[in-house]
Amino acid sequence: MQNNPIVEVNKNGLILNAKGFDPYKSFECGQCFRWQRQPDGSYTGVVSSRVLNVRSENQKILLKGTSLSEFQSFWAHYFDLYTNYDAIQKRLIHKAPWIKTAISSGNGIHVFHQDLWEIFISFIISSNNNISRISQIIESISQLFGEKLASSLPGQWFSFPKPASLKQLTEKDWRELNVGYRAPYLVSAVASWHLFYQEVNEILHLKGKDSTLTTSRSLQKIPGIGPKVASCIQLFGTPQRDVFPIDVWVRRAMMHFYNPSGKQSDLQLQKDALHLFGDDAGFAQQYLFFHARSYFTKH
DNA sequence: CCCCAGGTAGGGT
DNA sequence: ACCCTACATGGG
C-alpha cells in the first residue's frame with residue numbers, strides 16, 4: 001500500500017502530486033470511453049453523477065470540479081491511487097523481461113475502478129468496433145437516456161443511463177443508435193443484467209479460488225459476450241485483475257514479444273499469459289495494449 | 001472497391 | 001479444440 005497522494009487545494013482546484021500516475025495515458029488505454037479530450041488538451045469525464053476535469057502538466061495533476069473530501073472519498077479510489085504500481089512492474093519484469101518495452105511506453109497507466117453496469121454495456125458495444133465509434137454511441141445514449149448533470153465545468157454533461165432507462169429500448173431503438181447487429185445482444189443483456197449482478201455479487205463476496213473463472217462463465221452465458229468482452233468487463237468493472245483480454249492489439253503485441261515465430265490460438269495465448277503473469281495479468285495486458293496501439297499504428 | 005475496428009455466434013470438421 | 005464466415009457501421 002502506497003502513501004496517500006499529496007493534495008494541495010487552491011482556488012483553481014486540487015493539485016495532485018501522484019508520482020507514477022499518468023492520467024492521459026490512462027484515459028487513452030482503452031479502459032474508458034467517457035473521458036473526452038478538451039480543446040486545451042485536458043480531459044473531462046463523467047463518472048456516476050460526477051463531472052471532473054483533469055489537466056496533467058509538469059508532473060502535477062490539476063483537478064477541477066471536485067472538493068478535497070470528494071477526492072478522498074471517491075476519486076482517489078476511482079483512479080486506483082492506493083495501488084503500488086512500482087511493485088506490479090517489478091513483478092511483471094521479473095516474470096517476463098520482454099515486457100519491459102511495453103511497460104516503459106505505458107508507464108503511468110492506472111486501471112480505474114469503474115461502474116460495473118456501465119462497463120457491462122459499453123464492452124458489449126465494443127465488440128468488432130472502433131474506440132471513437134464506441135465513445136460516440138455511449139455519449140449519445142447518455143445524452144438521450146441519462147440525466148443532465150449540474151456542473152461548473154464548460155459544456156453539457158450527462159450521466160450514463162441507469163438499467164431501468166435502458167430497459168425500455170427495443171431492438172429497433174438500439175439500431176437507431178447505430179449499434180448495428182449488436183442490437184439484439186443489448187436488449188437481452190439489459191434484461192439479464194439484474195440476474196448477472198446478483199450472481200457476480202455472490203461470487204465476489206465469496207472470493208472463491210476460481211471466482212474469476214466463475215464470473216467469466218456467468219458473463220459468457222449472455223449473448224454478445226465472449227471471452228474477450230467478458231475479461232474486459234471483469235478487468236474494468238470488478239476487482240478481478242487475473243484476466244487477460246486478447247484483442248487484435250494484444251495479439252500483435254504477444255506475437256511480437258512473446259511468440260515471434262509461429263501461430264498460437266487466442267486460448268493458448270491466454271493460458272500462457274495467465275500462467276506467466278498470474279494475478280497481475282490484467283496490468284500486463286494494459287501495458288501491452290497501450291504499447292501496441294502506439295507502436296504498431298505509427299510503424 | 002478493399003480492409004479494419006478492444007469479437008461473437010453458428011455452423012462445420 | 002480449431003477453422004470459417006456473416007454480421008452493421010463508419011473511416012481510411
Side-chain angles (χ1 to χ4, degrees), chain A residues 25-35 102 105-106 109 111-112 114 116 118-141 169-190 192 196 213 216-238 240-241 243-256 259 262-274 281-299:
Chain A
K25 283 185 196 170
S26 304
F27 295 144
E28 295 295 340
C29 72
Q31 63 177 320
C32 50
F33 301 107
R34 298 213 66 202
W35 286 92
S105 63
I109 289 175
V111 177
F112 299 163
Q114 301 185 69
L116 181 56
E118 180 174 336
I119 290 294
F120 179 77
I121 297 300
S122 300
F123 277 89
I124 293 172
I125 296 169
S126 82
S127 73
N128 196 29
N129 212 337
N130 62 68
I131 290 180
S132 83
R133 235 166 63 81
I134 300 162
S135 306
Q136 278 175 32
I137 293 166
I138 293 168
E139 183 56 30
S140 55
I141 65 174
L169 299 201
T170 64
E171 186 179 325
K172 191 171 168 244
D173 295 331
W174 279 110
R175 278 188 192 276
E176 282 166 9
L177 296 162
N178 295 327
V179 299
Y181 65 90
R182 305 168 195 84
Y185 301 153
L186 286 158
V187 173
S188 87
V190 170
S192 53
F196 165 71
L213 196 62
S216 179
R217 271 199 288 261
S218 175
L219 279 164
Q220 290 187 58
K221 283 189 287 186
I222 297 163
I225 300 182
K228 153 56 171 70
V229 169
S231 53
C232 282
I233 294 171
Q234 293 174 271
L235 179 56
F236 304 131
T238 79
Q240 293 168 353
R241 298 291 177 265
V243 292
F244 195 79
I246 297 179
D247 67 342
V248 289
W249 299 106
V250 174
R251 195 176 303 123
R252 278 169 200 155
M254 286 295 276
M255 289 306 172
H256 182 76
N259 186 23
K263 290 188 279 188
Q264 253 185 325
S265 68
D266 286 356
L267 193 67
Q268 192 57 48
L269 274 182
Q270 193 185 45
K271 270 187 188 165
D272 288 2
L274 289 175
F283 299 106
Q285 191 272 358
Q286 288 292 279
Y287 292 125
L288 290 166
F289 177 85
F290 184 87
H291 177 72
R293 252 171 74 85
S294 49
Y295 184 83
F296 292 114
T297 52
K298 286 172 195 159
H299 291 77

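Computed from a predicted model, the values in this text were never measured in an experiment. Each chain gets a letter, A, B and so on, in the order its sequence line appears, and its residues count up from 1.
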Asker: Measure from CD1 on A:Ile225 to C1' on B:dG6 and round the result to the nearest Å.
Answerer: 14 Å
Asker: Between C:dA8 and B:dC4, how many Å separate the two C1' atoms, rounded to a whole number?
Answerer: 14 Å
Asker: Between C:dC2 and B:dA5, how far apart are the C1' atoms? Round to whole Å, please.
Answerer: 24 Å
Asker: Regarding A:Phe289, tell me which of base, sugar-phosphate or nothing describes its non-hydrogen contacts under 4.0 Å with the strands shown.
Answerer: base
Asker: Tell me what A:Arg182 touches on the nucleic acid: a base, only sugar-phosphate, or nothing, going by heavy atoms under 4.0 Å.
Answerer: base
Asker: Counting any heavy atom closer than 4.0 Å, what does A:Val250 reach on the DNA or RNA strands: base, sugar-phosphate only, or nothing?
Answerer: base
Asker: Do A:Tyr181 and A:Asn128 come within less than 4.5 Å of each other through their side chains, counting heavy atoms only?
Answerer: yes
Asker: Just the rounded figure in Å: distance from P of B:dG7 to CD of A:Gln220.
Answerer: 15 Å
Asker: Measuring only between side-chain heavy atoms, which start at C-beta, is A:Ile125 closer than 4.5 Å to A:Arg133?
Answerer: no
Asker: Measure the acute angle between the ring planes of A:Trp35 and A:Phe27, then classify it against the limits of 30° and 60° as parallel, tilted or perpendicular.
Answerer: parallel
Asker: Go through DNA chain C in 5' to 3' direction and return only the first and the last nucleotide with some atom under 4.0 Å of chain A's heavy atoms.
Answerer: C:dA1 to C:dG10
Asker: Sticking with atom P, work out how far C:dG10 lies from B:dT8, rounded to a whole angstrom.
Answerer: 22 Å
Asker: Give me the distance, rounded to whole Å, that separates B:dC3 from C:dC7 when you measure between the C1' atoms they each carry.
Answerer: 16 Å
Asker: Out of A:Val229, A:Ile124, A:Leu235, A:Ile233, which one pairs with A:Ile119 under the side chain to side chain contact (heavy atoms under 4.5 Å, CB included) rule?
Answerer: A:Ile233
Asker: Rounded to whole Å, please give me the gap between CG in A:Leu186 and P in B:dA9.
Answerer: 13 Å
Asker: Identify whether any heavy atom of A:Phe290 sits under 4.0 Å from a base atom; if not, whether one sits that close to sugar-phosphate; answer base, sugar-phosphate or nothing.
Answerer: nothing
Asker: If I take atom CD1 in residue A:Ile134 and atom P in nucleotide B:dT8, what distance separates them, rounded to the nearest angstrom?
Answerer: 12 Å
Asker: Considering heavy-atom distances to DNA chain B, does A:Pro227 or A:Asn130 have its closest nucleotide positioned more toward the 5' end?
Answerer: A:Asn130
Asker: Using a heavy-atom cut-off of 4.0 Å across all strands, would you classify A:Arg251 as base, sugar-phosphate, or nothing?
Answerer: nothing
Asker: With a non-hydrogen cut-off below 4.0 angstrom, is A:Gln286 in contact with a base, only sugar-phosphate, or nothing?
Answerer: base
Asker: Could you give the CG-to-C1' distance, from A:Asn128 to B:dC3, as a whole number of Å?
Answerer: 12 Å
Asker: Go through the N and O atoms of the side chain of A:Tyr185 and the base of B:dG7, and report whether any donor-acceptor pair is under 3.5 Å.
Answerer: no
Asker: Would you check, one step at a time, whether the test side-chain hydrogen bond (donor to acceptor under 3.5 Å, both in side chains) holds for A:Asp173 with A:Thr170?
Answerer: CA-CA 5 Å; A:Asp173 295 331; A:Thr170 64; 3.1 Å; yes
Asker: How would you label the contact of A:Ile246 with the nucleic acid (heavy atoms, under 4.0 Å): base, sugar-phosphate, or nothing?
Answerer: nothing
Asker: Before giving the answer on side chain to side chain contact (heavy atoms under 4.5 Å, CB included), spell out for A:Gln270 and A:Asp266 the whole-Å C-alpha distance, their side-chain angles and the decisive distance to 0.1 Å.
Answerer: CA-CA 6 Å; A:Gln270 193 185 45; A:Asp266 286 356; over 6 Å; no
Asker: What orientation do A:Phe123 and A:Phe33 show, parallel under 30°, tilted 30 to 60°, or perpendicular over 60°?
Answerer: tilted
Asker: Report the distance from atom CD of A:Gln270 to atom P of B:dG6, rounded to the nearest whole Å.
Answerer: 19 Å
Asker: Is the aromatic ring centre of A:Phe123 closer than 5.5 Å to the centre of the six-membered base ring of B:dG6, with the two planes inclined by less than 30°?
Answerer: no
Asker: Please give, in whole Å, the distance from B:dC4 C1' to A:Arg133 CZ?
Answerer: 12 Å
Asker: In terms of the angle between their ring planes, are A:His291 and A:Tyr295 parallel, tilted or perpendicular, with boundaries placed at 30° and 60°?
Answerer: parallel
Asker: Does A:Cys29 reach a base, just sugar-phosphate, or nothing at all? Heavy atoms under 4.0 Å.
Answerer: base
Asker: Hey, are A:Gln268 and A:Asp272 close enough side-chain-wise for a donor-acceptor pair under 3.5 Å?
Answerer: yes
Asker: Quick one: A:Ile125 CD1 to B:dT8 C1', roughly how many Å, whole number?
Answerer: 15 Å
Asker: Would you classify A:Gly30 as touching base, sugar-phosphate or nothing, given that sugar-phosphate means primed atoms plus P, OP1 and OP2, and contacts are heavy atoms under 4.0 Å?
Answerer: base
